[in-house]
Every structure is written in structure tokens, then in C-alpha cells.
Protein chains: 2
Amino acid sequence: MRMASGKGTTSQSGPSGPPSVGQALRSGAALERAVLAVDVACFSLQDGKLDLLLVRRSDDPFAGAWALPGAAVGLDEPLDDAARRALVDRTGIGDAYLEQLYTFGEPGRDPRGRTVSVAYFAILRVRPEDLRTGRGVDAATWRPARDLLPLAFDHGRIAHYALWRLVQKMEHTPLGFHLLPEQFTLGDLRTLHETILDRRFDPSNFNRQALARWDLAPVPGQRDRRTRRPARLYRYIGARDVPGTPPDVSPVRSSK
Amino acid sequence: MRMASGKGTTSQSGPSGPPSVGQALRSGAALERAVLAVDVACFSLQDGKLDLLLVRRSDDPFAGAWALPGAAVGLDEPLDDAARRALVDRTGIGDAYLEQLYTFGEPGRDPRGRTVSVAYFAILRVRPEDLRTGRGVDAATWRPARDLLPLAFDHGRIAHYALWRLVQKMEHTPLGFHLLPEQFTLGDLRTLHETILDRRFDPSNFNRQALARWDLAPVPGQRDRRTRRPARLYRYIGARDVPGTPPDVSPVRSSK
DNA sequence: CAAATAGTGTCTTTTAGACAATATCCC
DNA sequence: GGGATATTGTCTAAAAGACACTATTTG
């Protein structure tokens, strides 16, 4: 599990930009005018509904239309950084969990010319005060993730795929804990899963399985008082028997 | 758990600080010199071993080193097409199952300058005569997927991730059937899974589960004669209770 | 006490795994 | 027949699901 590649692979041999850049790979010159962008499908849970973060575009094309927050990737900027920057600059959201989703590159997906977008998938426990209207957009807001209006570009398709992926990962990985506060009840955890997977769970069976699958530490003394009978509070420690994340790839390091 | 994403991309807004964001989004000027490429990790099964398709580079950088077959993406070329073209041009392999894997874009992964590579994952039932040394490479060959020498660029990392993904998907999706001929025995199917997942299965239990999970049609009359007692032959029809592929995204349409 | 939600216990059904037993071929 | 692999059958253990029951609070 070494792999710090990237930098490591930088051999000494490189003059910083021979015109033969594409030559070896074949006609890279053809791409000089392509644009590389990132777009982020950011989910949160609010009032028991699954929400997706959208911005209203202020410029053409699609001025006035809703879209995923996105940005062009800087020449020396890692993709992960660009995704996080897009989120912060457009919406003020800064501490989401980020993960690369899929790369959309159909010619014609952007009327201005070839644009390849590396889509990211993000989730976070929302704090309303975090949301603001950032640079380059008219508005930023949360919208029901399962009932979206048409979006700019192919962002509807991206959002749809992101939602599908969220559901898949929720069943097998500890993803959901990013949507909960530090301390939560098993009822919170169950409601979360019911909302995202869109089905109900028997509380008894759900609790049994949750405690078997995740390492959850009961918080001594403390109880949750929102409900009739106060519920025990837990903290998430780890997971057992999880598929395991690929070496160095999938999850983007958490910022801050 | 948690996975520190390795070296942790310390660079952010490097020496050539990012220009105005909104500006970059509109003009795309910042990326005029970036190259977009595809690289393909193509697996096959040969003599009961899992193999990865490699090519030897004929040009710098990394001339003489082994690498994944790749190519620059044409300006009007869909990413999927580019991946298939890379495979065909470099190695002559034409009818693999292709699926987008992950996009690698660390600055510095290519000494010539910023190159973003959309990695693909491919598998096929190998026919030795399909392999040839294509354009721009010295050689093309199959190598043991679990025992690779160092590769050019960050291709070792890509290959490692591709193998991880192959294993994951093998347990939950009908991916494996792409590695088998039209007609196969349950023993073939079992050996395939044993090779890729690197563990043994009880023939009895494996058969029971295979017939429960997949729709397999017995081929009437025909039998496989390679073994002592001739085994029944099956064709793959479909799968039951499979996660399901996302709308329009994951699997690349099959060529030909 | 009634309502509401938390938490426990038990039974049944399904699935996974171990492994014995039989079948059919080649030599 | 003897060796080898295919195929079927059986038993057990583990997991999933349904559901009854108890516990603790508020009003």
C-alpha cells in the first residue's frame, strides 16, 4: 500500500512542456481547447427529507436554470480540491464528505464546446447557516432529491446517478454516519436509512443489525430527550466486515 | 478504517495561483494545455490465472516501461469510444466488456504536464490470436494480474484499483460471464470465481447458489467432455436480484 | 392512566456452510 | 473395476424477518 505515486513517478526527464505532449499519445493537440470541470451532487438530510444542493446559474448557457455547483479545474489543481472549492465558492458549504462519482464527457453536453466533467458525490450533516449564495450564482438552495426540476446541461442525469450511488453505498458502507451528528440515537440512524433507502425497518431487527454491523459506543449517562422515553445516545466508532475501500482511491480525505 | 488518501495532496493553489474562478468557468482558458487521456485495465482468464493486458512503451517518458494501453481522447470523441479505440489500436483487442473505472488527475502524474486520465476497466474471454502489437508500442502481452512489475506513470495504482473493483463486482454482479464462452459448465463458473476471488467454494453449495442467483439455461443434450464424468452445459440468461445498473451510466454498450 | 416511543425476547423462515452419498464417465 | 469429477441430498449453523411484550417517559 505504498503508492504515493503521482509525484513519485515524476521522472527527471521532463522538459516542462515539449510540443510533443500529445504526439506520443496521439493527437493530444486536438484537445487544447477542451475544458475540464467538476460538478458536485451534494446531499443532506433536512426535516426527514433527502435534499440535493442546487445553484441557479447567472450566466449563459442555461442562465437562470438550476444546476449542480461546479467549477473549472485549475491547471495545477487536484480534482478533489477543485470539487471542494466548487462547493465552497458556490454555496459556502465547506465540510462535506466527498467522493469521486463518474466522469461525463459526451461531446455536446456543453453547447460551448467539449467539456469533460468529473462529477463528485458529497454528503454532509447540514447546518442551515452554512448555506450562502456564492460567487457566480444567483441562488443556492436545497431541493428534494427525489423530485427535481429539469437541470442545466446533463446535470439531471448526474444527480440521478449520484442518488443511485448513495442508495447503493448506504446499504454496505458507513456512509450514513456523515449525515448524523456526533451523538445520535438508534432511532435517528433508522430514520436516516428509511429516508434514503425509502423503505421501513422493524426497529427491533434494525437495532440488532446495526449493533452487529457497526461499532457503536454508548455515551454513558447522556440520553436524548426529544422523544417520550429518552433514548440512549451512541457515537460511531467503526465498521465490521465492510467491503473495504480501495487503496488510496475512493474516499477523499476530509477537509479541515 | 478511514483511509488516509495516501500522500495527501499537499499542493493547493500552487505557484501559478488559480485565476479567478468564475472567469475560469466561462473561459476555460486555464486548461488550454491539459491533456485528456484514457487508460484501460483489461483482464482475462488464461490457464486458470488472472491476467492483465500490458503494453511496452516505445516513446518517452517511460520508454521501455510497461504500461496500460491508453490514448489521448479526440476532441469530438466520446470517452467510451476512446477507451475502446485505445484497446484496439494498441493491442488488437476489440470485443471486451468496458466500464468506466475512475479518473486520475493528480498534477504531476505525467512528467510532461497536466494529464487527466479517465481509467477504464475491461474484461473479456481471451482468444490468443486476438492479441497483436499495435501502434505506438513495442509489445503487448498478458501478465499475471496479482504479480505486476512496476508500471509507467501511476498505472500500477490504476491496475491495483481495477483489480479491487473486479473482485467487488464479481461477488454481486454477472460480470464473470464475460469471461466465459457462450456455453459453460458449473465447474467452469466455479473455477472462475475461485480464481478471481482467490478462495475455494464447495461445489455443491456453489452450484445451488449459482442456480438460485443467475438464470442459467441448461443446453439440452450437449455435455462437456473435458472431464471424467461429462458435465452439463449452461448458457447465461440473466440475473435475479442484482443491484441493478444505474440509468444510462455504468456499463458501456457492447461494441460490434 | 393513556399515549408514545425505546428497548427486549422469541419464534419462524431463509440462507449459508459442511459434508455424506450416489452417478457417470475414462482408463 | 478403480479413479476422478459431476450431481444430489441431508444436516446444522447463522442470519433475516415478523411480531409480541415490557419499560419509561409526558401530559
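From a predicted model like this one, the values you see are computed outputs, not experimental measurements.
Residues forming a ring pair (Phe, Tyr, Trp, His ring centres under 6.0 Å) with Trp66(A) (at least two apart in sequence, or on another chain): none. Applying the salt bridge (charged side-chain N to carboxylate O under 4.0 Å, His left out) criterion to Asp215(A), with sequence neighbours excluded, gives Arg240(A). Taking Tyr234(B) as the reference, nothing meets the ring pair (Phe, Tyr, Trp, His ring centres under 6.0 Å) condition, with sequence neighbours excluded. For Arg225(B), there are no salt bridge (charged side-chain N to carboxylate O under 4.0 Å, His left out) partners at least two apart in sequence or on another chain.
Among residue pairs with one or both ends in residues 174-192 of chain B, those qualifying as side-chain hydrogen bond (donor to acceptor under 3.5 Å, both in side chains) are Thr185(B)-Asp188(B), Asp188(B)-Arg226(B); sequence neighbours excluded.
Here the P atom of nucleotide dT24(D) and the CG atom of Asp224(A) are 17 Å apart, to the nearest Å. Rounded to whole Å, atom C1' of dG7(C) lies 9 Å from atom CG of Leu186(A). Remark: P of dA15(D) and CG of Leu211(A) are 15 Å apart, rounded to the nearest angstrom. We find that CZ of Arg223(B) is positioned 7 Å from P of dC25(C), with the value rounded to whole Å. Rounded to whole Å, the distance from CZ on Arg225(A) to C1' on dT26(D) is 10 Å. Between the CZ atom of Phe201(A) and the P atom of dG7(C) there is a distance of 18 Å, given to the nearest Å. Computed from coordinates, the Phe206(A) CZ to dA6(C) P distance equals 12 Å when rounded to whole Å. Rounded to an integer number of Å, the gap from Asn207(B) CG to dT8(D) P is 8 Å.
If you check every strand for non-hydrogen atoms under 4.0 Å, Arg190(B) touches sugar and phosphate atoms only.
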Side chains of residues 196-207 of chain A: which donor-acceptor partners sit under 3.5 Å, not counting sequence neighbours?
unit_1, atom_1, unit_2, atom_2, d
Asp202(A), OD1, Ser204(A), N, 3.0
Asp202(A), OD1, Asn205(A), N, 2.9
Asn205(A), OD1, Arg208(A), NH2, 2.8

Without placing hydrogens or testing angles, list every side-chain donor-acceptor pair under 3.5 Å for residues 43-56 of chain B, not counting sequence neighbours.
none

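At dT25(D), none of the side-chain N or O atoms of Arg226(A) fall inside 4.0 Å of OP1 or OP2 (strictly under the cut-off).
There is no side-chain donor-acceptor pair under 3.5 Å between Tyr161(B) and Arg157(B).
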query = Where along nucleotides 11-24 of chain C does protein come under 4.0 Å, by heavy atom, of base (B) or sugar-phosphate alone (S), with - for untouched nucleotides?
reply = -----BBBB---BB
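The terminal axes of the helix from dC1(C)-dG27(D) to dC27(C)-dG1(D), fitted over 5 pairs per end, subtend an angle of 0° to the nearest 10°.
A centroid separation of less than 6.0 Å is found between the aromatic rings of Phe184(B) and Phe177(B).
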